[in-house]
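Computed from heavy atoms alone, side chains included, the values below leave out hydrogens, waters and symmetry copies. A note on names: the letters A, B, ... follow the listed sequences, proteins ahead of strands, and every chain is numbered from 1.
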Amino acid sequence: MDPQEYQQIEQQNTPPTPYLKNALKAFLVGGIICAIGQAITFLYIIFFDFTDKTAGNATVATMVFISMVLTGLGLYRKLGAFAGAGSAVPVTGFGNAVVSAAIEGKTEGLVLGVGGNMFKLAGSVILFGVGSAFFIALIKLILVSMGVVEW
Amino acid sequence: MLSLVSLFLVGCTNEQTVEISDMSNDEEERAEIEAMIKDTEEVQTGTTILVEDDVLIAIQVKPWLGFKERKIEAKLQKEIEEKYPDLNVLVSSDYKMLWESQKLLEEEDEKKVSDEVKKLKDLAKEET
Amino acid sequence: MIVFYSFLIAFIVGGLICVIGQLIMDVGKLTPGHTLVILVVAGAILDGLGLYEPLVDFAGAGATVPITSFGNSLTHGALAEAEKHGWVGVLTGMFEVTSSGISAAIVFGFIAALIFKPKGKAN
Amino acid sequence: MVILFASKPSILACGAVAGPVESKSVFHSFFDAVAEDERWGQKTNEQGHSKMIQEACDIVMKKADLKNLDVDYFLSGDLVNQMTPTNFAARELAISFIGLFSACATSVSSVIIASLLTELGASQYAIAGAASQHNAIERQFRYPLDYGAQKPATAQWTVTAAGYALIGKHDPKLPSVVAATVGKVIDYGEVSPFHMGGAMAPAAYDTITSHLKKRHQKITDYDLIMTGDLGKIGLKILKAMFAQTDAEQKELEIFRDAGAEFYGEDQAFQAGASGAGCSASVFFSYIEQQLKTGRYKRVLLVATGALLSPMSFQQGESIPCTAHAIEITME
């Protein structure tokens with residue numbers, strides 16, 4: 001029994017990933033979360049002095065709050081198990097990653113545990129977000145100063 | 001809140017609904033601006049407030065043309081500014097402007113309307 | 001009617017971005033961490049090309065809620081400041097537009113750590 | 001290499017304890033105790049893990065009415081870094097202690113060492129076994145507990161349970177260890193920590209075939225060959241491997257897996273159970289009773305373990321696995 005032969009047996013007996021079902025579940029839950037986000041945005045616009053542009057920030061903060069409550073009660077875990085990317089891609093997923101790591105680290109103390117572990121999952125999102133933003137802005141700046149492109 | 005409810009009732013037919021309230025009742029100017037808004041057929045609903053030398057035009061483009069919202073806004077802004085250089089014009093496709101300006105349609109007191117329009121214009125400039 | 005359409009479009013566009021994320025995870029066999037990173041960088045690139053702002057105008061929350069909007073806001077801030085102040089603007093402008101996502105996550109994460117305990121229930 | 005135990009050390013007493021989630025297990029009636037709190041009332045998961053181990057060992061000693069001074073050796077291990085829960089339990093038990101790490105195969109490797117010590121005459125009573133606690137292990141190997149990760153169908157649920165056995169001189173009325181095979185480390189390139197069954201099946205296959213060959217036995221010589229925690233899919237793969245080398249259907253019936261059956265058909269657990277506590281709690285409660293009631297005469301218990309670490313996974317290594325086997329008979 002060599003590895004290649006084994007890979008073949010393993011392939012036959014491992015259930016295939018349900019691509020379509022997962023994609024559909026992700027679409028539905030992701031869509032609903034964004035629709036809720038739209039509702040929150042409208043609420044901020046109607047009842048507070050926010051415009052389309054500025055309401056986005058307030059909506060994101062509110063969504064992260066909601067994901068904190070759901071994560072703490074252990075409900076976001078079930079949503080994630082069902083929806084996969086549908087619950088991870090929206091900003092509530094980012095909130096869930098930070099909050100779940102923070103809750104996890106509590107037994108190791110607030111400084112080393114919570115502080116040290118909080119961005120274990122979501123830190124890469126910030127790193128690559130800021131990193132890519134920096135390089136893209138730099139590239140555009142160079143292109144503009146060369147006159148290839150304008151702002 | 002009343003104006004918001006009316007928004008829901010408006011049928012999703014594609015005919016335009018353009019409302020204008022003109023405090024300085026310059027009839028000719030009013031009709032001209034209304035015509036210009038109606039010409040840009042991408043606009044689904046438009047609400048205009050004319051008070052003293054301020055013009056606030058809140059528009060909403062047809063849903064599926066959302067991508068070009070900014071371009072349409074800029075085009076209309078330029079057109080009206082050329083037509084009325086002395087007026088202080090702002091065209092915005094922001095929901096806030098639309099809903100607030102619809103409230104102002106029923107507002108009688110000119111002073112209040114003018115302050116409100118100025119406040120909305122500052123709001124529009126805010127970045128974060 | 002506009003409001004109904006905006007919900008519908010937000011639902012569809014938001015759902016589609018999540019489908020892209022799901023495909024990256026399922027087909028590309030990548031972990032959720034890698035998937036989010038790819039989406040954030042994609043958001044940043046789209047804003048660099050000036051394509052993300054129209055998407056936000058079109059889809060509303062459908063574009064601001066997914067994590068791609070984080071990359072977009074970072075780039076947008078950096079570009080805006082770079083336009084005004086040149087090289088140093090790229091750094092100073094970074095969190096100009098978006099800071100609520102991170103600060104909310106940090107504050108609420110800390111509060112959650114004080115209140116909640118991890119539970120190991122299966123369902 | 002197969003080890004033959006001429007003096008046939010016996011399993012004098014067994015103790016199995018499980019957590020609240022495990023009350024859903026098909027084997028829960030065989031466990032000696034099922035706790036309400038997954039941390040046994042302790043502040044941290046790791047302390048709860050340690051308390052669980054102490055409780056299981058106390059049950060074993062009470063059943064054999066021994067005190068910890070009478071017990072010569074305590075052999076055990078778990079999956080948490082440097083096995084601290086077992087170390088702290090050993091501190092409370094105050095019995096000469098050797099920590100063993102064979103991942104989820106520790107339940108059997110500890111019995112092999114205990115049997116060797118008994119065969120040598122160096123030990124009259126030795127407690128051997130293993131344990132695992134879901135929260136403590138999940139957070140170390142995979143994601144934080146409340147993180148919304150989508151697990152594939154091949155994922156298994158780490159069991160919160162402990163199983164310990166008291167190994168002593170041969171007693172014809174009790175199940176006895178007659179032979180054992182220490183497994184080699186087999187790695188056929190499985191990378192995902194969510195497909196443990198696929199990673200461990202080759203190791204189980206290799207240990208079982210080498211045991212049968214060295215013992216000149218056939219599969220049908222056994223009433224039962226039970227693997228530790230291959231899970232539903234791992235067991236299917238193992239059976240397919242044996243079918244590949246023309247084992248008949250009748251022979252394949254003899255194979256069972258503690259992880260596959262542990263939670264029955266409950267879909268929330270996907271491919272079934274895993275963890276050192278899974279094989280330990282089932283072997284040292286359910287299987288022991290089946291042997292005592294005479295349902296089984298000759299049994300091969302093969303605990304399977306995946307020898308990865310969170311670090312090795314992040315460094316892109318594949319998962320090396322091992323499986324240890326003990327042959328137990330009942331006269």
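Here the shortest heavy-atom pairing between A:V29 and A:G86 reads CG1-O, 4.0 Å. The nearest pair of heavy atoms linking A:A133 to C:A44 is N-CB, 4.4 Å. Here the closest heavy-atom approach between residue A:L141 and residue C:A82 is recorded as CD1-O, 3.9 Å.
Only the side chain of A:T41 comes within less than 4.5 Å of a heavy atom in chain C; its backbone stays farther off. Proximity to chain C (any heavy atom under 4.5 Å) is restricted, for A:A83, to the backbone atoms N, CA, C and O. Looking at C:I24, there are no atoms closer than 4.5 Å to chain A (heavy atoms on both sides), in backbone or side chain. When heavy atoms are compared at a cutoff of 4.5 Å, C:V27 approaches chain A by way of both its backbone and its side chain. Interface remark: A:I32 contributes backbone and side-chain atoms alike to the contact with chain C (heavy atom separation under 4.5 Å). Neither the backbone nor the side chain of A:F135 comes within contact range of chain C; no heavy atom of the residue lies under 4.5 Å from a heavy atom of that chain. Interface remark: A:L28 contributes backbone and side-chain atoms alike to the contact with chain C (heavy atom separation under 4.5 Å). Contact of A:L110 with chain C is made through the side chain alone, with heavy-atom distances under 4.5 Å. Of the atoms belonging to C:L8, not a single heavy atom falls under 4.5 Å from chain A. Heavy atoms closer than 4.5 Å to chain C are found nowhere in A:D52, neither backbone nor side chain. When heavy atoms are compared at a cutoff of 4.5 Å, C:L39 approaches chain A solely by way of its side chain, counted from C-beta outward. Only the side chain of A:V114 comes within contact range of chain C, with at least one heavy atom under 4.5 Å from a heavy atom of that chain. Contact of C:A59 with chain A is made through the backbone alone, with heavy-atom distances under 4.5 Å. C:I45 touches chain A through backbone and side chain together, each having a heavy atom under 4.5 Å away. Looking at A:I40, there are no atoms closer than 4.5 Å to chain C (heavy atoms on both sides), in backbone or side chain. For a residue to count as touching a neighbouring chain, one of its non-hydrogen atoms must lie under 4.5 Å from one of that chain's; by this rule C:S99 touches chain A with the backbone only.
Here A:A39 is the residue among A:G95, A:A39, A:G56 with the most heavy-atom pairs under 4.5 Å with chain C. In terms of non-hydrogen atom pairs under 4.5 Å with chain A, the most contact-rich of C:V41, C:T64, C:I115 is C:V41. Chain A forms the most heavy-atom pairs under 4.5 Å with one residue out of C:A104, C:A78, C:C18, and that residue is C:C18. By number of non-hydrogen pairs under 4.5 angstrom with chain A, the leading residue of C:D47, C:V56, C:I106 is C:I106. With chain A as the partner, the residue from C:G93, C:A63, C:A112 showing the most heavy-atom pairs under 4.5 Å is C:A112. Ranked by heavy-atom pairs under 4.5 Å with chain C, the first of A:I142, A:V144, A:L138 is A:L138. Your options are A:L24, A:V149, A:V125, and the one with the most heavy-atom pairs under 4.5 Å with chain C is A:V125. With chain C as the partner, the residue from A:V64, A:I139, A:T17 showing the most heavy-atom pairs under 4.5 Å is A:V64. Contacts with chain A were tallied for C:I9, C:I12, C:I17; C:I12 has the most, counting heavy-atom pairs under 4.5 Å.
Between atom CG of residue A:L70 and atom CZ of residue A:F65 there is a gap of 10.0 Å, rounded to the nearest 0.5 Å. Taken from OG in A:S145 to CH2 in C:W87, the straight-line distance is 5.5 Å, to the nearest 0.5 Å. The distance from the CD atom of C:E81 to the OG1 atom of C:T92 is 4.5 Å, given to the nearest 0.5 Å.
With hydrogens and angles disregarded, no donor-acceptor distance shorter than 3.5 Å links the side chain of C:S69 to the backbone of C:N72. Proximity of a side-chain donor or acceptor of A:Q38 to a complementary backbone N or O of C:F7 within less than 3.5 Å is not detected. Between the side chain of A:Y76 and the main chain of A:G93, a donor-acceptor pair closer than 3.5 Å is present.
Looking at A:T54 and A:T51, their side chains do bring a donor and an acceptor atom within 3.5 Å of each other. Defined by atom type and a distance below 3.5 Å, a donor-acceptor pair is present between the side-chain atoms of C:Y52 and C:T68.
Using a 30° and 60° split on the angle between ring planes, A:F94 and A:F119 fall in the tilted class, from 30° to 60°. Ring-plane geometry between C:F70 and C:F95 is classed as tilted, the angle between the planes lying from 30 to 60 degrees on a 0 to 90 degree scale.
Other residues, nucleotides and ligands contribute more than 12 heavy atoms inside 6.0 Å of the CG atom of C:L49.
No option in A:I126, A:V98, A:V60 other than A:I126 meets the side-chain contact (heavy atoms from CB on, under 4.5 Å) test with C:I102.
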